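Below, chains carry the letters A, B, ... as their sequence lines are ordered, and counting in each starts from 1. As the structure is a computational prediction, the values presented were derived from the model and not from experiment.
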Amino acid sequence: MDINAWFADMVRFLDKYSVLFIGGVKNTLILSIIAGVLSVLVGSGLCFLRMSRVPPLRWFANIWIEFVRGTPVLVQIMMVYYGLPLLGIQLPVPTILGKAGERAAYGILALTINSGGYICEIIRSGIQSVDPGQMEAARSIGFGPVRSMLMIVMPQAVKNILPNFGNEFANLIKASSQVMVIGVAELMFTYNTISGTSGRAFLPLVVIALLYFTMTFIVGLGVRALESHFKKSDR
Amino acid sequence: MTVHLREKKPSAQEMLEHYGTPDPKKFNAALDPLIVILNLRKRFKSLEVLKGVELYVRKGDVVVLIGPSGSGKSTLLRCINRLETIQGGDILFEGSSIVRGPGDVNKLRRRIGMVFQHFNLFPHLTVLDNITLGPRYLRKMSREEANALADRLLERVGLADKRDAYPSQLSGGQKQRIAIARALAMEPEVMLFDEPTSALDPEMVGEVLEVMKDLARDGMTMIIVTHEMGFAREVADKVVFMADGVIQEEGPPEKIFNHPKNERLVSFLGKIL
């Protein structure tokens, strides 16, 4: 193929479908950011249960985490989408995602359940990476368990937790592509539309892959910046 | 409990023999122990670490615990400020049980200073903040008061110039002296030392022991787990030899080091001296 013709073809393709791609990126980001924020909240709560002294609370958290880790995200998304209505639960419709918004709430919930489990494990391992002697020292001065955790252990655990939050967020962006199966109009969902109308199977995938890569790469840069920042403060 | 205590309290004659002290002030204090440990039992799962330990610590006493590793010395120390739960027996602090009853463990720990083998300074805080954290939040001191207190303590441990340093910038010996200052900032009635020099390079052991000697001279009640026999001999009012989870022999250093009776003690001293 002539390189000039190929180039012209590319430009025409991108020009025609860029609005769809950009819309998809926007929705993917909205979806991921909302689910990301929620999963930090859910994950923190879950972590609290997981480290609780009350066994049933610990069991609940353990079951949640094992389920999330042991089943595919796709299955989790579909279970939320088809399962909740069976239980008679109707989720509110967020208008922020446009026309396909009615499904987005299910997608966000499923991603939050999934990511929340991982966030919980990140927080827990971050806390456990702090030398137990720190907690003992704080307690032996006379600080209670909550204050010891907040003033002594958490500030040190954050160094291990924050970069991993970034990694998990990158995972979340990728996992969000799977909510297309329930018809949420995020980036991956645009593939159906574009490949259908343009008749091209591969080209849209390349664009989509590049767009996902750009998003996760930027997050990755942030993670590395955080890591080197914390390494500096270690010295 | 009180009856039990009275039974267990050594007679004046026994005290004189035991401690060999002619100092009437010390003698009176001896009749009223600050810490009493009665038949203390501690198990880790199926491993019995303390098998009925009994110990009296008077106000102003320097008690040094020695013994082979795994003998339960550190565990005994950690039981006193309730870093370990116990399975039997009792620990009395100023006459009231710290194990039973509704006592607030956080309040108790404020009165008991603890120094760890691995210092356990807070790495994210400056030396000053390491020392003032407790006074500011628990003793409700203003920042100025707490800083003044910290400066006095830093002066005392000879590290006034390290006020604004972070723990990672200090040597091991300096870290341990800061850890002692941090514990002192709560103005505790007793100080517990858990192998305070074991993690130090040999040339730094001296500076930490100096600070501890200074404390002892000031009349601080101290319970020390250590392998520094020279220090024990010089500073201790009472040396306690533990092995296999029980106290095998105790007494003044002269008696323990020069006229050991217990077989285990004799062989222990033979190995280390």
Which portion of L121(B) sits near chain A, non-hydrogen atoms under 4.5 angstrom: backbone
Pairs of heavy atoms under 4.5 Å with chain A: top-ranked of L83(B), L125(B), I112(B): L83(B)
Using non-hydrogen atoms and a 4.5 Å limit, figure out which bit of V105(B) sits close to chain A: side chain, backbone, both or neither. side chain
Checking F119(B) against chain A: side chain, backbone, both or neither under 4.5 Å from a heavy atom? neither
Side chain, backbone, both or neither: which part of L192(B) has a heavy atom under 4.5 Å from chain A? neither
Counting only heavy atoms closer than 4.5 Å, note whether Q134(A) contacts chain B via side chain, backbone, both or neither. both
Test item: side-chain donor near acceptor, D194(B) and S74(B), under 3.5 Å: yes
Can a donor-acceptor pair be found between the side chains of D90(B) and S97(B) at a distance below 3.5 Å? yes
Would you find a donor on one side and an acceptor on the other, under 3.5 Å apart, between the side chain of Q156(A) and the backbone of H124(B)? no
Could you tell me whether R182(B) sits above the aromatic face of F122(B), with NZ or CZ closer than 6.0 angstrom to the six-membered ring centre and within 45 degrees of the axis? yes
Report, as yes or no, whether the 6.0 Å neighbourhood of atom CE on M204(B) holds more than 12 heavy atoms from other residues, nucleotides or ligands. yes
Between chain B and each of P145(A), S140(A), G144(A), count heavy-atom pairs under 4.5 Å; write down the option with the most. S140(A)
Check whether the side chains of E84(B) and T75(B) place a donor and an acceptor atom closer than 3.5 Å, and report yes or no. no
